[in-house]
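Quick note on labels: first sequence line is chain A, next is B, and so on, each numbered from 1.
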Number of protein chains: 2
Amino acid sequence: MKRHTTIEDVAKAAGVSKSTVSRALNNASRISIETRERVLRIAEELKFEPSHIARSLSTRRTMTVGVLLEDILNSFFTEVAKGVETVVKKAGYTMLLTSSDYDLEEEYRLTRILVRNKVDGILITPIREDSKAIEFLKSRHIPFFMMNNKSEDPDVSWVDTENIEGGYIGAKYLTDLGHRRMMYIGSDKLRGTRERFEGFRKALEEKGIPLDDQLILGDVNAQKEGYALMNRFLEKEGVSSLPTAIMTVNDAVAIGVLESLIEHNVKIPEDVSLLGFDDINIAGLIRVPLTTVHQPKFAMGEVASYMLINAIEGQARTRAQQFLLKPHLVVRESCRELS
Amino acid sequence: MKRHTTIEDVAKAAGVSKSTVSRALNNASRISIETRERVLRIAEELKFEPSHIARSLSTRRTMTVGVLLEDILNSFFTEVAKGVETVVKKAGYTMLLTSSDYDLEEEYRLTRILVRNKVDGILITPIREDSKAIEFLKSRHIPFFMMNNKSEDPDVSWVDTENIEGGYIGAKYLTDLGHRRMMYIGSDKLRGTRERFEGFRKALEEKGIPLDDQLILGDVNAQKEGYALMNRFLEKEGVSSLPTAIMTVNDAVAIGVLESLIEHNVKIPEDVSLLGFDDINIAGLIRVPLTTVHQPKFAMGEVASYMLINAIEGQARTRAQQFLLKPHLVVRESCRELS
DNA sequence: TTGTACGCGTTATCAA
DNA sequence: TTGATAACGCGTACAA
């Protein structure tokens, strides 16, 4: 059974006590330059790596933040994570990344695992703002920050895009192009979708377009699901029952839908206009460059992690904070004007 | 200063000792049903979460595996990670995900952080098979498994695609289409690229096409870099000096290159044929559906993590293992036959 | 400036 | 079936 080198080994090799080694590694003060350098040299020779575990147990700090995303295969989330990583790393923290795949039980399970791991704080894109995971974090007084969702609770901090406005911008663009009969694909279980749909509704109302005529298709979040849903629809209802425009809850779903449409020989945007949401890095490069509503993803990760670390390290009990990010339309080639 | 509930608190509340609580939580044996259920109930009431930190310190196991990727924004790697997550989760482990961004120093730094965190094992897509990070892992006898790379060292376990064959398949396809003057974009610093290029060379040799006529452009791995490189090339050399076909080291780079070409009004595949590598999930959906060499990404993650956990948990000192995965060509629309 | 001794929260060992 | 006690490896008052 091989054991790793401990602080004790270094101490012996240097002929000093554990505390001296510890001071040499952390506390620059209260130690003579000579012994400090000698200890450091010996530690390096022995390839000593201080046990993060033991250190955390002692200091009650782990210097890690847990990041719990909904779908790691959707680059919306990895772009957010990239923003997180940037600021977190600069502050000396490590991020622990996991993904719930939109499964509430899994989200709860992973949250508890993060807490067991004693992360200093948690960044989460919650499936629902009132999920068990959120309740758990609140009751345990774990510093956390919601991303890509909102909460009515004034004690909860979050950063989110103005989804109603985003939905409105997108739908207004479609109605301005002359579309009257549309399909909205998303998940009514998610607040973000509901808000985007609310904006969609608002835009239609303004033009006096009845909502009853619209097709609302739900519970879809991931690319695969969008693909499967559209396949089912086309096989059941046929191409002829397609509306003139489709708005999806995010680009991943839009791409899945696009894939299905192409396989069924539906031309975009000639036969159907397609509008996404998020503006993920690939959106402009897919077969039909996707017109979509841009979300500031990287900034979302930056803001959330910056504020979380503030809360972790802040001495005074700071108030919860909320941030709204502005979306904007990015016009590409997936929508056409109706003649 | 708020403290979390510990095993001690539960013990007091239940009127038993720490050891009994511990047994109730882990060891089903050697404890009476009644006390066990009572303890568990009380633990639940107190929302007790055992400290993973303390447990790890005691058991010398963390039940986490570190996953160190090269580029988290390239979905090749997240697809591999998805494969890892699947088997790792089933075995009760958590994965700790990080990304080096092709930076050797960063790779080394992150490796040491993972070791400090006392992960039970490490899965790594190493930038180089002989990097400091790998040396470090070997010298410290940390169980690890290389993905997406090979090693001559018989003690090192790895899983990789047959890159030479992959490069050959791709280049042969291009030469069969009649291409004679090509451009190869990758990084000669990476073994995978060198191997793929070796296959490229082999295919050209078979047809008697001189290698000297080919343009070899290096150090490019990520989408952004591919985009920047092609921009520089076009601005310096002009569109007229473009070859008839471009082969890239991976799809991410191909997409970046495509982006640049489109902006310069170069038509794919009419003006230039473009061939990728990896077959990432988006490859078939980009503006010009990408003809590419498929790698079994998910399987790569599965094999590596399965074997790593075997090594971690295996009692007998198992030999190092090597796996070669077969690539195959996926023909889409980004290459054309030369008349 | 350095060393001693204790605490962090859990599991493992050995008695009872 | 239970409980007391010693690890696990590090940081840190407090003492020297």
Side-chain angles (χ1 to χ4, degrees), chain A residues 1-40 42-43 46-64 112-113 115-120 140, chain B residues 1-40 42-43 46-64 112-113 115-120 140:
Chain A
M1 187 65 188
K2 175 148 304 198
R3 283 198 36 258
H4 42 222
T5 46
T6 74
I7 202 171
E8 187 83 51
D9 302 330
V10 180
K12 268 188 195 139
V16 294
S17 73
K18 291 192 307 179
S19 12
T20 304
V21 178
S22 177
R23 275 190 282 262
L25 294 166
N26 313 310
N27 250 336
S29 67
R30 286 164 183 266
I31 185 170
S32 73
I33 301 259
E34 306 88 58
T35 51
R36 179 161 163 266
E37 295 198 333
R38 188 164 49 87
V39 168
L40 287 181
I42 291 179
L46 267 50
K47 296 195 177 182
F48 169 64
E49 288 295 333
S51 162
H52 195 106
I53 304 274
R55 172 178 290 170
S56 297
L57 192 62
S58 184
T59 60
R60 292 142 159 275
R61 289 286 307 277
T62 59
M63 297 306 284
T64 62
R112 294 186 71 142
I113 287 182
V115 170
R116 283 164 125 94
N117 276 288
K118 295 278 178 288
V119 294
D120 293 334
R140 296 298 309 274
Chain B
M1 187 63 188
K2 175 147 303 195
R3 281 195 41 254
H4 40 222
T5 47
T6 74
I7 202 171
E8 186 85 51
D9 302 330
V10 180
K12 268 189 195 138
V16 293
S17 72
K18 293 193 301 181
S19 350
T20 304
V21 177
S22 178
R23 274 190 284 261
L25 293 166
N26 313 310
N27 248 337
S29 67
R30 285 163 183 267
I31 185 169
S32 73
I33 302 258
E34 306 88 57
T35 52
R36 180 160 163 265
E37 295 197 334
R38 187 163 52 87
V39 168
L40 287 182
I42 292 179
L46 267 50
K47 296 194 177 183
F48 169 64
E49 288 293 332
S51 161
H52 195 106
I53 304 274
R55 172 178 290 168
S56 297
L57 191 61
S58 185
T59 60
R60 291 140 160 276
R61 289 285 306 280
T62 60
M63 299 306 283
T64 62
R112 294 185 71 143
I113 287 182
V115 170
R116 283 163 123 97
N117 276 289
K118 295 276 178 291
V119 293
D120 292 335
R140 295 298 308 271

Whole-Å distance between [N] [atom2] and [X] [atom1]?
X        : N      : atom1 : atom2 : answer
A/Phe48  : D/dG9  : CZ    : C1'   : 8 Å
B/Lys118 : D/dC10 : NZ    : C1'   : 11 Å
A/Leu25  : D/dC10 : CG    : C1'   : 10 Å
A/Leu57  : C/dC6  : CG    : P     : 17 Å
A/Ile53  : C/dG7  : CD1   : P     : 22 Å
A/Arg116 : C/dG9  : CZ    : C1'   : 14 Å
A/Lys12  : C/dG3  : NZ    : P     : 14 Å
A/His52  : D/dC10 : NE2   : C1'   : 12 Å

Practice item. Specify the residue among B/Val16 and B/Ala54 whose closest nucleotide of DNA chain D lies further upstream toward the 5′ end. Key: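 Closer to the 5' end of DNA chain D: B/Val16.
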
Practice item. Return yes if some donor-acceptor pair links the side-chain N/O of B/Arg112 with the main-chain N/O of A/Glu49 below 3.5 Å, else return no. Key: no

Partner residues of [X] under the side chain to side chain donor-acceptor pair (under 3.5 Å) criterion, sequence neighbours left out:
X       : answer
B/Arg55 : B/Asn26
B/Ser58 : none
B/Ser51 : none
A/Lys47 : B/Ser139

Exercise for review: Could you check B/Leu25 against B/Leu40 for side-chain contact (heavy atoms from CB on, under 4.5 Å), going step by step and ending with a plain yes or no?
Suggested key: CA-CA 7 Å; B/Leu25 293 166; B/Leu40 287 182; 3.7 Å; yes

Review point. Mapping A/Lys18 and A/Ser32 onto DNA chain C by nearest heavy atom, which one lands closer to the 5' end?
Key: A/Ser32

Check your understanding: Atom CD1 in A/Ile31, atom CD in A/Glu37: separation rounded to 0.5 Å?
Key ->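 Spacing of CD1 (A/Ile31) from CD (A/Glu37) equals 10.5 Å.
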
Exercise for review: Using a 4.0 Å heavy-atom cut-off across all strands, classify B/Ser19 as base, sugar-phosphate, or nothing.
Suggested key: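 Counting heavy atoms under 4.0 Å across all strands, the contact made by B/Ser19 includes a base.
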
Practice item. Tell me what A/Ser56 touches on the nucleic acid: a base, only sugar-phosphate, or nothing, going by heavy atoms under 4.0 Å. Key: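 Answer is nothing: A/Ser56 stays at 4.0 Å or more from every strand.
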
Point to revise | Presence of B/Arg60 side-chain N/O under 4.0 Å of D/dA7 phosphate oxygens OP1/OP2 | key: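 Result: no.
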
Protein-nucleotides 14-16 of chain D N/O pairs closer than 3.5 Å?
none

Check your understanding: For B/Ile7 and B/Phe48, which heavy atoms make the closest approach, and how far apart are they?
Key ->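 That would be N-CE1, 3.5 Å.
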
Practice item. Give me the bend of the helix from C/dT1-D/dA16 to C/dA16-D/dT1, using the axes of the five pairs at each end, rounded to 10°. Key: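 About 40° separates the two local helix axes.
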
Check your understanding: Heavy atoms, side chains only, cut-off 4.5 Å: are B/Ile53 and B/Leu57 in contact?
Key -> no

